[in-house]
Amino acid sequence: MSAKGADSRASWAASDLVTKWPGVGPSRARELENLGVRTFEDLLGLWPHRHMDRSVITPVEMLRDQESATVRAVIRRVQYDRFKQLLRVELEDGAWPLGAVFFHAAWLQKQFVPGQEAWLSGKAERRGGKFFMTHPDFQILKPTEQPLLGLVPVYPLSGSLKQSFMQRLMQDIVPRFAPQVGDPVPPDVQQEEGLMGRAQAVLYQHFPPSQDMLEASRKRLVFDEFLRIALAVLIMHRLDPKIPGLAQNPDGPAARAFVASLPFTLTPGQRKAWGEIRRDLKSQRPMARLLQGDVGSGKTVVAILAMLAAVDAGHQAAFMAPTELLAEQQWQVLNRFLGPLDLNCLLLTGRDRRAGDAREALQQGTVPLVVGTQALIAERVGFSKLGVVVVDEQHRFGVKQRARLSLKGVYPDMLVMTATPIPRTLALTVYGDLEVSEISGLPPGRKPVETVHISHKERKAAYAAVMAAVKRGEQAYVVCPLVGGDDDEEGSGSAKAAVDLAQGMEKLPGWRVGLLHGKMASKEKTEAMARFRAREIDVMVTTTIVEVGVDVPNATVMVIEDADRFGLAQLHQLRGRVGRGDAPGQCFLIADPKTEQAQDRLSAMVRYHEGIRLAEEDLRIRGPGEILGMRQHGVTGFQLANPIKDLEWLQRARQVARRLIESDPQFSESGHQPLWQWVREALDDAMPAQVLH
Ligand code: ADP
Ligand code: MG
């Protein structure tokens, strides 16, 4: 490198764009941006998924079955089986052969060049006297390249980015900027908790000198994540204790008329949950309650009761759904239930043309009930007297959104509903002091949805069942992993796409086929759902868009194409769309699973029907990282922390947070200023500064 280059490097700042780095051009910059990285500083926080242990290289002849190891071997042959979509790489370490296999990875083919040397890390499996690794981590060594040794970080990638590039970039950038990382946690707390400094923890999270140091670094960073959210939650809660909540009237005329108008009686589970909620509503203390209940347990009815309690007290109630489609549906459900009560309920979604009028009516207080999406928490919506807020399918809403909504009213009673069982400690941390109610059991007469797993070859059986259902006057869903049509999604292989399947099925006589997917315009989606509900459509071909909350009791059969491509949480939610009425439901999982995990998921679906049981299975299959897709839905909002595995640290962070706030409620001690700044960033877009101080 020229002297000039070295000079300019010395003047780089952490806030500079990564494009300053000589190897980052426009296309890599774009890929990095997909990973959330724009500046050098952002790179520091792009944590490796894991580390490969390259401190010990195991000769192939000393590998042991089912044990993880790192080997160094020469690539001999590369073979791609188009039909099975399987890439086989044969390598050699001295005289000892080693195989590596990759599924659905045609794009890797070019990287393995015979004659070059590769490092592979993964679990060795012995088959027919020879060792294999399936999807090992690997690095191909160019003849001139110095390999990274020790514990080598493995980074998340995007598009065409290569692991070796990321590693080189990080190796240059992290040691340069990690020392500048500030430490918001007061030194006395660090000392008491036995934590390493944050700068050191950042460095070691990328390039740890040992396994122990990696673990210590992780602890520190996990502690920070927990501390920050714990402080934020405490601050939210003391927003202003002098402002009392509103007392609702859970035994008023609207609530009573509603119960009387129901075509069924409440289940014992619903009654118990309502009893708890009812007590909260009556009191002036703002309610913060999580209502858990399996798919189909009847949470909506309980939510409506809570909303009517607000109406009976002369207040307003809002129902917040995760998508426009669900808001629309929930609005229709509410109207159906509330028909006999002659109550006005507004629908407010982002794109509504009449949104202006709706806002006006809410502001004036002329409308008691509103259903909407996130648009409800947009700046411009004001309420005249917001008494109750129901948040459906909580996993798309976090602390910030809740805080924002709280600021709309005085301090409304909040009911958060979910079908995903959330461990109590997690609920406490992520949602503050939420209390938990549960609806146990399903309405009477519900039978578990009969679930079978069939191969692609046996698919006719599934469609015969669809045909039979249609003949009985019932309806069916066919769920595909892809939308299809003109877009060909990358890496989709042979997976079924909704558009194509629907086109094929329309040609069959005797069924009326509908299509519903996320790429359709909002209005088209609503229309399609309305037609399905009105039984103008027999078979709805769709994607996971129907996953959450869609309620058409006449739909009895669900076919899930390429079911191995879905997670267990998704499958459970999807299956919950059928068997919601009196007729029994059937679910066909069509898949030829290629991994053991996928097979396990399908078996669990066949065997178990309760969300709780499936959550446990999910935990067993995947490890605690991702209970029922919590991470994928961004519930936890944590990067390194695992609220279940790191429970002890969660509790310690909560204690520290409480102590800090008690001893210095205004963060006025000079040593606490950085801490305040740091927590404030987490809260900033949730609420205006004057509310906080
Ligand atoms: P979820 O808990 O999944 O949101 P819903 O509230 O959508 O469940 O209820 C599922 C279905 O069960 C709806 O069609 C609803 O009308 C019906 N339902 C609710 N409560 C009862 C009950 N006590 N008896 C019979 N059916 C009920
Ligand atoms: Mg629901």
Side-chain angles (χ1 to χ4, degrees), residues 255 258-277 289-308 319-323 325-341 371 390-397 415-422 436-449 474-475 477 529 532-535 544 546-556 558 569-585 587 609-612 614-615 628:
F258 171 64
V259 174
S261 74
L262 286 175
F264 44 73
T265 53
L266 297 185
T267 65
Q270 283 171 318
R271 236 175 294 137
K272 178 160 178 290
W274 172 237
E276 290 161 5
I277 293 163
R289 200 168 264 284
L290 184 71
L291 178 60
Q292 291 187 357
D294 210 340
V295 179
S297 60
K299 295 184 287 294
T300 310
V301 170
V302 176
I304 294 175
L305 273 169
M307 294 173 81
L308 294 177
F319 188 106
M320 200 153 65
T323 65
L325 186 73
L326 285 173
E328 179 97 32
Q329 170 182 288
Q330 204 61 44
W331 181 65
Q332 286 176 3
V333 168
L334 241 69
N335 277 327
R336 204 170 62 217
F337 275 125
L338 299 178
L341 305 188
V371 178
V390 178
V391 180
D392 197 10
E393 304 299 350
Q394 101 331 303
H395 54 248
R396 321 250 157 128
F397 294 93
L415 185 66
V416 183
M417 305 204 294
T418 177
T420 307
I422 294 183
V436 181
S437 287
E438 207 191 314
I439 300 184
S440 51
L442 298 179
R446 296 283 164 80
K447 288 178 205 72
V449 176
E474 295 162 10
Q475 291 160 286
Y477 297 99
M529 251 346 265
F532 190 55
R533 203 168 291 120
R535 304 194 188 179
T544 50
V546 300
E547 176 189 333
V548 178
V550 168
D551 185 25
V552 179
N554 191 51
T556 56
M558 171 164 286
Q570 277 184 317
L571 290 172
H572 179 58
Q573 284 285 349
L574 285 169
R575 179 170 63 181
R577 302 308 115 215
V578 293
R580 297 172 78 83
D582 298 328
C587 175
H609 292 85
E610 287 169 30
I612 280 272
L614 283 164
L628 279 185

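Position 1 is the first residue of the sequence, and the numbers go up from there. Both ligands and their constituent atoms are indexed starting at 1 by order of listing. Keep in mind that what you see is a predicted model, and the values were worked out from it rather than measured.
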Are any side-chain N or O atoms of Gln270 and backbone N or O atoms of Thr267, one a donor and one an acceptor, separated by less than 3.5 Å?
-> yes
In ligand 1, the atoms that come under 4.0 Å of a heavy atom of Asp294 are 2 (O)
Leu266 neighbourhood, listing ligand 1 atoms whose heavy-atom distance to it stays under 4.0 Å = 23 (N)
Quick check: does any side chain N or O of Arg271 sit under 3.5 Å from a backbone N or O of Leu266, one acting as donor and the other as acceptor?
-> yes
How does Val333 reach ligand 1, if at all, at less than 4.0 Å between non-hydrogen atoms: by side chain, backbone, both, or neither?
-> neither
Close approach of Gly296 to ligand 1, heavy atoms, under 4.0 angstrom = yes
Assess whether atom CD of Gln332 is packed by more than 12 heavy atoms of other residues, nucleotides or ligands within 6.0 Å.
-> yes
Can you name the nearest heavy-atom pair linking Leu415 to Ala306, along with the distance?
-> CD2-CB, 4.4 Å
With no hydrogens and no angle check, is any side-chain donor or acceptor of Lys447 less than 3.5 Å from a backbone partner on Pro584?
-> no
For ligand 1, which atoms, with element, lie under 4.0 Å from some heavy atom of Arg580?
-> 3 (O), 5 (P), 7 (O), 8 (O), 10 (C)
Counting only N and O atoms by type, is there a donor-acceptor contact under 3.5 Å from the side chain of Gln330 to the main-chain atoms of Ala321?
-> no
Quick one: pull up SG in Cys587 and CE in Met558 and give me the separation to the nearest 0.5 Å.
-> 6.5 Å
So is Gly298 polar-close to ligand 1, meaning N/O to N/O under 3.5 Å?
-> yes
Considering the heavy atoms of Thr300, write down every atom of ligand 1 situated less than 4.0 Å from one of them.
-> 4 (O), 5 (P), 6 (O), 7 (O)
Select one of side chain, backbone, both or neither to describe which atoms of Leu262 lie under 4.0 Å from any atom of ligand 1, heavy atoms only.
-> neither
Per-atom contacts, ligand 1 versus Thr267 - under 4.0 Å to a heavy atom | 23 (N)
Does ligand 1 have an atom under 4.0 Å from some heavy atom of Ile439?
-> no
Ligand-residue contact atoms, ligand 1 with Thr265, heavy atoms, under 4.0 Å | 22 (C), 23 (N), 24 (N)
Closest heavy-atom pair, Ala583 versus Thr556, reported as atoms and distance to 0.1 Å, is CB-CG2, 3.9 Å
Where's the contact between Met417 and ligand 1, heavy-atom distance under 4.0 Å: side chain, backbone, both or neither?
-> neither
